[in-house]
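Worksheet: the structure to be examined is printed underneath.
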Amino acid sequence: MIRKTVFQSAAAALLSTTMLVSGPALADITSEIAAIQGEIASLEEEISNMANPDSLFGVLKQARLDATALTLALLTNQKLANEGAGTIEVIVPAVQPHPEKSAQLLEEYMKQMKVIDAVQDEVAQYSGGLVQAMAISRLETEKLTLAQIRAALTCSPEKSAV
């Protein structure tokens, strides 16, 4: 519980600076929040249905869940800030827009989605055993990378539709 509070505080600090630069439409944020909540529910169900959630696969899924929850906290705080539901006073250096970095992040996001598709095809080739276990491990790692890129895009002053 303490860990989530620290993440949410850090997210609020980062969000308060990015919102000064630009902010997406409230409807976009609301729909993205709903999509991420669905993703979190799906991940939680996958983890709870695992025979051994402490396995490598379980730990990777939990890390992806944590990264996705952080993205949700960022977007929720952003929505609250857009609605004027509260003021956050944090003194940090201003975030300057970097269109090149945002474009690069979006490109990385799209590449990562293709990598995940390829790895899913690889996993489907095997019916079990160590080779499939290694492929599933790679798939979960690639999904974690995608969740981290998505969080970085969420924090970017020039947000793109993801």
Side-chain angles (χ1 to χ4, degrees), residues 1-16 18-19 23-83 85 101-102 104-157 159-162:
M1 218 36 160
I2 293 173
R3 183 173 61 164
K4 286 187 180 182
T5 304
V6 170
F7 280 139
Q8 287 174 342
S9 298
L14 181 61
L15 184 59
S16 67
T18 59
M19 288 312 300
L26 190 57
D28 293 341
I29 293 173
T30 303
S31 63
E32 191 162 348
I33 286 173
I36 291 174
Q37 286 172 332
E39 188 177 336
I40 287 173
S42 174
L43 278 169
E44 287 174 338
E45 183 178 342
E46 286 177 29
I47 292 169
S48 68
N49 290 335
M50 292 183 76
N52 184 7
D54 294 328
S55 68
L56 175 62
F57 303 139
V59 170
L60 288 171
K61 283 183 186 287
Q62 185 62 47
R64 185 163 46 110
L65 177 64
D66 291 344
T68 305
L70 177 59
T71 302
L72 178 63
L74 285 168
L75 288 173
T76 301
N77 287 336
Q78 186 174 5
K79 180 181 176 194
L80 291 172
N82 284 350
E83 293 172 344
K101 287 184 180 180
S102 292
Q104 182 182 12
L105 279 172
L106 186 57
E107 184 179 322
E108 289 296 322
Y109 184 87
M110 301 310 283
K111 283 181 188 176
Q112 191 63 27
M113 289 183 69
K114 289 177 184 175
V115 168
I116 288 173
D117 289 342
V119 175
Q120 284 176 332
D121 291 343
E122 181 183 339
V123 168
Q125 291 177 5
Y126 305 106
S127 61
L130 183 59
V131 176
Q132 186 185 37
M134 295 302 294
I136 292 171
S137 172
R138 179 170 176 227
L139 177 62
E140 289 303 321
T141 302
E142 298 296 350
K143 286 181 178 181
L144 174 58
T145 301
L146 183 70
Q148 291 168 335
I149 293 171
R150 186 177 189 181
L153 274 169
T154 301
C155 296
S156 176
K159 292 170 185 62
S160 301
V162 177

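The model shown is predicted, which means the values in this text are computed figures rather than measured ones.
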Shortest non-hydrogen contact between T68 and A147, atoms and distance: OG1-CB, 4.0 Å
- prompt: What's the spacing between L105 CG and Q112 CD if we round to 0.5 Å?
  reply: 12.0 Å
query: Yes or no on side-chain hydrogen bond (donor to acceptor under 3.5 Å, both in side chains) for D66 and Q62, after CA distance, side-chain angles and deciding distance?
result: CA-CA 6 Å; D66 291 344; Q62 185 62 47; 3.1 Å; yes
Can you give me every donor-acceptor pair (side chain of residues 123-136, partner residue at least two apart or in another chain, under 3.5 Å) with its distance?
residue: Q132; atom: OE1; partner: G128; partner atom: N; Å: 3.1
residue: Q132; atom: NE2; partner: Y126; partner atom: O; Å: 3.1

Partner set under side chain to side chain contact (heavy atoms under 4.5 Å, CB included) for L56, not counting sequence neighbours: L60, S137
query: Is any side-chain heavy atom of E39 closer than 4.5 Å to a side-chain heavy atom of R150?
result: yes
field: Sequence-distant partners of E107, side-chain hydrogen bond (donor to acceptor under 3.5 Å, both in side chains), two or more places apart
entry: K111
message: Let me confirm one number: the CD-OG1 distance from E83 to T30, rounded to the nearest 0.5 Å.
response: 7.0 Å
- request: List in chain and number order the residues that pass salt bridge (Lys or Arg N to Asp or Glu O under 4.0 Å) with E142, two or more places apart in sequence or in another chain; answer none if no residue qualifies.
  value: R138
task: Taking the side chain as every heavy atom from C-beta outward, state whether E140 and L144 have any pair of such atoms under 4.5 Å apart.
output: no
task: Would you give the length of the straight line joining atom CG of L146 to atom CD of E108, rounded to the nearest 0.5 angstrom?
output: 11.0 Å
message: Tell me every residue that passes side-chain hydrogen bond (donor to acceptor under 3.5 Å, both in side chains) with Q120, counting only those two or more places apart in sequence or in another chain.
response: none
query: Between atom NZ of K101 and atom CG of L153, what is the distance when rounded to the nearest 0.5 Å?
result: 13.5 Å
statement: d(T71 OG1, I33 CD1) to nearest 0.5 Å is 11.5 Å
Sidechain-backbone polar pair: S42 side chain, G38 backbone, donor-acceptor under 3.5 Å: no
message: Taking salt bridge (Lys or Arg N to Asp or Glu O under 4.0 Å) as the definition, give me every residue that meets it alongside K143, ordered by chain and number, with sequence neighbours left out.
response: none
- request: Can you establish whether the number of heavy atoms outside M50 located under 6.0 Å from its atom CE is more than 12?
  value: yes
query: Does any non-hydrogen side-chain atom of K79 lie less than 4.5 Å from one of N82?
result: no
